[in-house]
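The structure under discussion appears below in the form of structure tokens.
Numbers here simply count residues along the sequence, with the first being 1. This one's a predicted model, so the numbers in the text were calculated from it and none came from an experiment.
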Amino acid sequence: MPDFEHAPIKRHEALVPLSRDHFTGLVRAQRLIKSTHEDRVARHKALAGFLDAWNSEIAAHFDDEERLFKGKISGEDEQRLLREHKEIRALAKEAAEMRSSIDPSPERLKRIGVALRDHIRWEERELFGRVEASACEEQLNEMARETAKIEASRPRSKVYGQDAADSIEDG
């Protein structure tokens, strides 16, 4: 088994759907960053993939997190979450404007990819651990019911044939 710089993190079931969303975001962020060293066709493909994910999943994920964590995280964490979401939303708007350009700017694509990657890493490595540590079991169970509904609405639940909301209700 390979050595990891950061060991895999075992999450409470309440946060697992959000972590799955993060995987999509990390893939898109890495593709944007990697595309900066490739040709314009690769940059367009990475940009289109990011925008498709943004429109189908990532933007909704931001809304869900803001709703789920409101009043459940520290003021400092909430301010950072909202600030970074606002910044990434602005970068996504910028990305949409770049879609029609002949050659998307490598620097701008990298800025979008790095901002998204760093934000997701902060949530996974810091914020989610604080949520798990500070919420009581009742709060986590309520959050699990909410995130199961969110999971069932995501495109991947149809791909994998899962109905996460039912599995939470049954368990």
Side-chain angles (χ1 to χ4, degrees), residues 1-33 49-93 95-96 112-171:
M1 179 162 224
D3 291 331
F4 293 100
E5 180 180 339
H6 297 278
I9 301 169
K10 175 78 173 141
R11 288 277 166 240
H12 187 280
E13 67 180 322
L15 297 172
V16 169
L18 299 177
S19 287
R20 284 191 191 112
D21 287 350
H22 286 164
F23 178 76
T24 298
L26 283 173
V27 167
R28 293 301 163 195
Q30 288 305 111
R31 288 184 180 162
L32 285 169
I33 295 166
F50 166 73
L51 289 170
D52 289 346
W54 176 261
N55 291 323
S56 68
E57 220 172 314
I58 300 171
H61 169 89
F62 280 21
D63 294 339
D64 292 334
E65 283 184 335
E66 290 168 11
R67 181 177 49 79
L68 287 169
F69 294 145
K70 186 177 180 83
K72 294 182 180 93
I73 58 178
S74 74
E76 183 179 316
D77 281 338
E78 189 168 354
Q79 287 175 1
R80 180 173 177 178
L81 179 84
L82 295 173
R83 181 180 66 249
E84 290 183 6
H85 280 185
K86 182 179 179 181
E87 175 191 352
I88 296 167
R89 284 183 173 108
L91 291 170
K93 185 176 179 181
I112 296 165
V114 167
L116 183 59
R117 180 199 65 200
D118 291 352
H119 173 71
I120 292 168
R121 286 180 174 173
W122 169 71
E123 285 187 354
E124 286 292 337
R125 295 177 183 168
E126 297 179 37
L127 179 65
F128 283 12
R130 286 194 287 274
V131 168
E132 289 173 325
S134 65
C136 69
E137 195 60 31
E138 183 179 322
Q139 289 171 315
L140 289 170
N141 288 336
E142 175 59 32
M143 193 178 297
R145 286 188 287 280
E146 289 297 314
T147 58
K149 292 174 190 172
I150 291 166
E151 175 74 359
S153 74
R154 295 290 194 250
R156 70 175 164 269
S157 68
K158 292 163 187 59
V159 171
Y160 297 124
Q162 299 171 346
D163 188 352
D166 286 343
S167 67
I168 292 293
E169 300 279 327
D170 294 341

query: Could you walk me through whether Ile120 and Phe23 pass the side chain to side chain contact (heavy atoms under 4.5 Å, CB included) check?
result: CA-CA 9 Å; Ile120 292 168; Phe23 178 76; over 6 Å; no
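- Taking 4.5 Å as the limit, some side-chain heavy atom of Met143 sits within range of a side-chain heavy atom of Val131.
- Considering only heavy atoms from C-beta on, Leu81 comes within 4.5 Å of His119 through its side chain.
- Put simply, CG on Leu51 and CZ on Arg28 are 10.0 Å apart, with the number rounded to the nearest 0.5 Å.
- With sequence neighbours left out, Ser56 forms a side-chain hydrogen bond (donor to acceptor under 3.5 Å, both in side chains) with no residue at all.
- Looking at Val27, Ile112, Asn55 one by one, the single match for side-chain contact (heavy atoms from CB on, under 4.5 Å) with Phe50 turns out to be Ile112.
- Here Glu151 contributes atom CD and Leu18 contributes atom CG; the two are 9.0 Å apart, rounded to the nearest 0.5 Å.
- In this structure, Leu116 CG and Ile88 CD1 are separated by 5.0 Å, a value rounded to the nearest 0.5 Å.
- Atom CD in Glu123 sits 11.0 Å away from atom CZ in Arg130 (nearest 0.5 Å).
- Atoms CD and OG, on Glu13 and Ser19 in that order, are 13.0 Å from each other to the nearest 0.5 Å.
- In this structure, Gln79 has no side chain to side chain contact (heavy atoms under 4.5 Å, CB included) partners at least two apart in sequence or on a different chain.
- Remark: side-chain polar atoms of Thr147 are paired, donor with acceptor, to backbone N or O of Ala14 under 3.5 angstrom.
- With a 4.5 Å cut-off on side-chain heavy atoms, Arg80 and Arg83 count as touching.
- The side chain to side chain contact (heavy atoms under 4.5 Å, CB included) test applied to Glu76 returns Ser74, not counting sequence neighbours.
- For residues 65-75, the pairs satisfying salt bridge (charged side-chain N to carboxylate O under 4.0 Å, His left out) are Asp64-Arg67, Glu66-Arg89, Arg67-Glu146, with sequence neighbours left out.
- With hydrogens and angles ignored, the 3.5 Å screen pairs no side-chain donor or acceptor of Asp77 with any backbone N or O of Ile73.
- With sequence neighbours excluded, the residues satisfying ring pair (Phe, Tyr, Trp, His ring centres under 6.0 Å) with His61 are His22.
- With sequence neighbours excluded, the residues forming a side chain to side chain contact (heavy atoms under 4.5 Å, CB included) with Ile33 are Gln30, Val114, Arg117, listed by chain and number.
- In terms of modelled atom types and a separation under 3.5 Å, the side chain of Arg11 and the main chain of Glu124 share a donor-acceptor contact.
- Going from atom CG of Leu15 over to atom NZ of Lys10 covers 11.5 Å, rounded to the nearest 0.5 Å.
- Here the closest heavy-atom approach between residue Leu140 and residue Glu132 is recorded as CD1-O, 4.2 Å.
- For Trp122 and Phe128, the ring centers sit 6.0 Å or farther from each other.
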